[in-house]
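If you scroll down you'll find the structure; I have some questions about it.
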2 protein chains.
Amino acid sequence: MATKTYQIGVEATMEVIGGKWKSIILCHLRQQPMRTSELERAIPQISQKMLVQQLRELEAANVIKRHVYQEVPPHVDYQLTDYGQSLSSVLHSLCVWGESNIDRRREQGEDIDLLHRDDL
Amino acid sequence: MATKTYQIGVEATMEVIGGKWKSIILCHLRQQPMRTSELERAIPQISQKMLVQQLRELEAANVIKRHVYQEVPPHVDYQLTDYGQSLSSVLHSLCVWGESNIDRRREQGEDIDLLHRDDL
DNA sequence: TGGGATACCCACCAAAAAGTAAGTATGGAT
DNA sequence: ATCCATACTTACTTTTTGGTGGGTATCCCA
């Protein structure tokens with residue numbers, strides 16, 4: 001079997017949280033468990049297909065856990081695993097830097113808006 | 001002019017450091033200024049085209065600076081701007097989490113290798 | 001005259017990621 | 001019988017990203 005080789009740690013991190021949607025999903029789940037429909041509302045630009053696909057990949061990477069409530073209509077939520085919690089400070093710093101980036105660009109005259117700041 | 005709207009700060013961060021290569025390039029530049037050929041050696045999987053393209057985008061985002069030495073043969077290097085430096089702790093935490101992710105996977109029996117740890 | 005070194009740039013093509021729109025399944029309420 | 005809500009799933013298309021192989025420019029040196 002071939003050995004998988006990384007040059008530098010960040011490569012492995014980006015396999016887990018990289019891509020257009022994963023870090024956004026994780027930042028939301030960092031604050032509280034959320035069900036599919038809540039995530040759809042929190043991330044209005046995402047398609048249902050991408051949301052489900054990204055959730056499956058995050059589950060496979062063991063950073064989130066899918067919890068099914070035995071109810072009708074169906075009720076499912078997603079939350080960080082303990083391992084996913086270990087990403088919490090990384091995710092927080094990603095949010096905070098983005099906020100400062102937005103502030104800076106706004107000061108330079110860009111017409112730019114941020115709806116939710118990360119408070120925790 | 002349309003207002004650009006972000007839901008959450010991490011979206012803006014990922015515009016700057018997202019994609020397959022940008023965070024890797026930045027992690028290398030975090031340690032010291034590097035010239036094109038050094039970056040090529042440090043990131044052996046990247047093609048010349050992608051390297052140049054990503055460097056241009058990082059320059060446009062104002063996180064790195066291109067420095068031309070007036071010499072023959074040509075000599076150029078890239079370094080973080082002051083603003084790029086503000087990403088330093090984010091980049092470091094991305095490297096460190098990746099390292100722990102690799103360690104964990106190795107403990108679980110994966111055949112996996114990491115060449116360079118982030119020491120600073 | 002032409003080769004070496006460095007740092008590109010460009011045209012073209014392939015692969016991967018993402019978007020769209022529709023369909024499936026469950027069981028309760030009307 | 002039909003509809004509702006939720007949480008998917010699938011087929012198909014478009015967009016984005018990445019790869020290949022070439023070419024340009026400079027000046028020195030043999």
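A note on names: the letters A, B, ... follow the listed sequences, proteins ahead of strands, and every chain is numbered from 1.
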Would B:D113 and A:T3 count as having a side-chain donor-acceptor pair, cut-off 3.5 Å?
no
Here the distance between atom P of D:dA7 and atom CD of A:Q70, to the nearest Å, is 13 Å
Separation of atom OH in B:Y69 from atom C1' in D:dT26, rounded to whole Å
19 Å
So, does A:T36 get its side chain near the phosphate of D:dC8, meaning an N or O under 4.0 Å from OP1 or OP2?
yes
Check: protein-nucleotides 17-22 of chain D nitrogen or oxygen pairs below 3.5 Å:
from: D:dG19; atom 1: N7; to: B:K49; atom 2: NZ; distance (Å): 3.0
from: D:dG19; atom 1: O6; to: B:K49; atom 2: NZ; distance (Å): 2.1

Establish, with yes or no, whether the OP1 or OP2 oxygen of D:dA5 is under 4.0 angstrom from a side-chain nitrogen or oxygen of A:R35.
no
Specify the angle, to 10°, made by the local axes at the two ends of the helix from C:dT1-D:dA30 to C:dT30-D:dA1 when five pairs are taken at each end.
40°
Closer than 4.0 angstrom, basic N to acidic O: yes or no for A:R41 and A:E38?
no
Just verifying a value: how many Å separate B:Q108 CD and A:N62 CG, rounded to the nearest 0.5 Å?
7.0 Å
Between D:dA5 atom P and A:R41 atom CZ, what is the distance in whole Å?
13 Å
Exam field: side chain B:T81 to backbone B:K65, donor-acceptor pair closer than 3.5 Å:
no
Has the side chain of A:E15 got a donor or acceptor atom that lies under 3.5 Å from a matching backbone atom of A:A12?
no
Is it true that a side-chain atom of A:T13 and a backbone atom of B:L94 form a donor plus acceptor pair closer than 3.5 Å?
yes
Residues at least two apart in sequence or cross-chain that pass side-chain hydrogen bond (donor to acceptor under 3.5 Å, both in side chains) with A:Q54, listed by chain then number, are A:K22
Summary of ring-ring contact (aromatic ring centres under 6.0 Å, His included) pairs that have at least one residue in residues 62-89 of chain A, sequence neighbours excluded:
A:H67-A:Y69, A:Y69-A:H75, A:Y83-B:W97
Side-chain donor-acceptor pair under 3.5 Å between B:D118 and B:Q31, yes or no?
yes
Interatomic distance where OH belongs to A:Y78 and C1' belongs to D:dT6 [whole Å]
11 Å
Would you mind listing the cluster partners of A:Y6? Hydrophobic ones only (ILVMFWY), side-chain contacts under 4.5 Å, chaining allowed.
B:I102, B:I112, B:L114
For a 4.0 angstrom threshold against heavy atoms of chain A, report the outermost contacting nucleotides of DNA chain C in 5' to 3' order.
C:dA18 to C:dG27
Can you see which heavy atom on B:S23 is nearest to which on A:V10, and at what distance?
OG-CG2, 3.7 Å
Does a side-chain N or O of A:R66 approach OP1 or OP2 of D:dA7 to a distance below 4.0 Å, or not?
no
